[in-house]
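Basis for what follows: all heavy atoms, side chains included, without hydrogens, waters or symmetry-related copies.
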Amino acid sequence: MQETKLGRDFFIQDVLDVAPKLIGKLLCRKLPDNTVIKSRIIETEAYNGNGDLACHATKGKTERTKAFFYEGGHVYIYLCYGIHWLLNIVTGNKDEPQAVLIRAVEEAIGPGRVGKYFHLDKSHYGEDLTTSNVIWIEDDGINLTYISTPRIGIDYAGEPWISKKWRFVHETTKKTRKSKRIQ
DNA sequence: GTAAGGATTGGC
DNA sequence: CCAATCCTTACT
């Protein structure tokens with residue numbers, strides 16, 4: 001099976017094209033001790049800086065969100081709830097704030113778990129997936145089907161953003177998330 | 001300088 | 001259902 005490292009052309013597409021296409025791709029990571037970890041992406045979410053109130057970059061370019069404005073293919077990582085490092089892939093052209101949140105891979109269900117599984121932290125902020133030798137994404141030719149649903153945990157953004165079906169999940173993924181959170 | 005809150009998780 | 005935990009941002 002031919003494995004191809006995804007290049008710039010893939011990442012400079014619109015975030016709503018990249019997010020679903022990332023389903024089934026292999027997220028790869030080389031640790032300091034040269035151990036290579038690979039896991040298939042099964043859940044993503046799209047964040048678009050163009051008005052989307054759920055997107056960090058919409059509030060403006062800050063020290064925290066500057067990676068959103070990089071050219072597609074870079075990595076945007078931030079600490080959530082003081083505990084979890086969430087991994088995002090920047091898409092689109094330079095100064096077009098868009099990014100795909102990697103919410104889950106096969107071996108790690110949940111965005112916080114992904115960061116932990118791949119040993120990611122602030123030192124990977126702004127890394128370029130197309131040139132980096134510590135984190136990159138491969139396409140091994142396998143295409144997975146997916147469904148679209150509203151995004152998780154962004155109630156504060158209000159309508160119409162809450163209703164946008166910008167979350168993409170591999171169909172057979174069975175999340176054991178406790179039914180639906182009431183309130 | 002200080003205070004408030006979050007793209008979550010795991011445990012009770 | 002609720003606490004943990006710390007960095008970023010907004011405001012006085």
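- Neither OP1 nor OP2 of B:dA7 sits under 4.0 Å from any side-chain N or O of A:His84.
- Here A:Tyr156 does not pack flat against the base of B:dG6, since the 5.5 angstrom centre distance and 30 degree tilt limits are not both met.
- Here the side chain of A:Tyr81 is nearest to one of C:dT9, B:dT8, B:dA7, namely B:dT8.
- When both pairing distances are held under 3.5 Å, B:dA7 makes no Watson-Crick or G-U pair with any nucleotide shown.
- Atom CG of A:Leu79 is separated from atom C1' of C:dT5 by 8 Å (rounded to the nearest Å).
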Exercise for the section: Please assess A:Tyr78 against A:Tyr76 for the test ring pair (Phe, Tyr, Trp, His ring centres under 6.0 Å), listing each intermediate value before the final yes or no. Expected result: CA-CA 7 Å; A:Tyr78 81 98; A:Tyr76 166 56; 5.8 Å; yes

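- Residue contacts for A:Arg151: at a heavy-atom cut-off of 4.0 Å it reaches no nucleic acid atom on any strand shown.
- What separates CD1 of A:Ile162 from C1' of B:dA7 is a distance of 13 Å, to the nearest Å.
- For A:Glu45 and A:Arg113, each mapped to the nucleotide of DNA chain B holding its nearest heavy atom, the one lying further toward the 5' end belongs to A:Glu45.
- A donor-acceptor pair shorter than 3.5 Å can be found between the side chains of A:Trp136 and A:Glu138.
- Across all strands, A:Phe68 comes closer than 4.0 Å to base atoms (heavy-atom distances).
- A:Gln98 and A:Asp14 share a side-chain donor-acceptor pair at under 3.5 Å.
- Residue contacts shown for A:Lys122 are limited to sugar-phosphate atoms, with no base heavy atom under 4.0 Å away.
- Whole-Å rounding puts the A:Lys59 NZ to B:dA4 C1' distance at 12 Å.
- With a cut-off of 3.5 Å on both pairing distances, C:dT5 has no Watson-Crick or G-U wobble partner at all.
- Looking at heavy-atom distances under 4.0 Å, A:Ile154 makes contact with sugar-phosphate atoms alone, never a base.
- Classification of the A:His56-A:Phe68 ring pair by plane angle, with boundaries at 30° and 60°, yields perpendicular.
- Atom CD1 in A:Ile83 sits about 9 Å away from atom C1' in C:dC6, given to the nearest Å.
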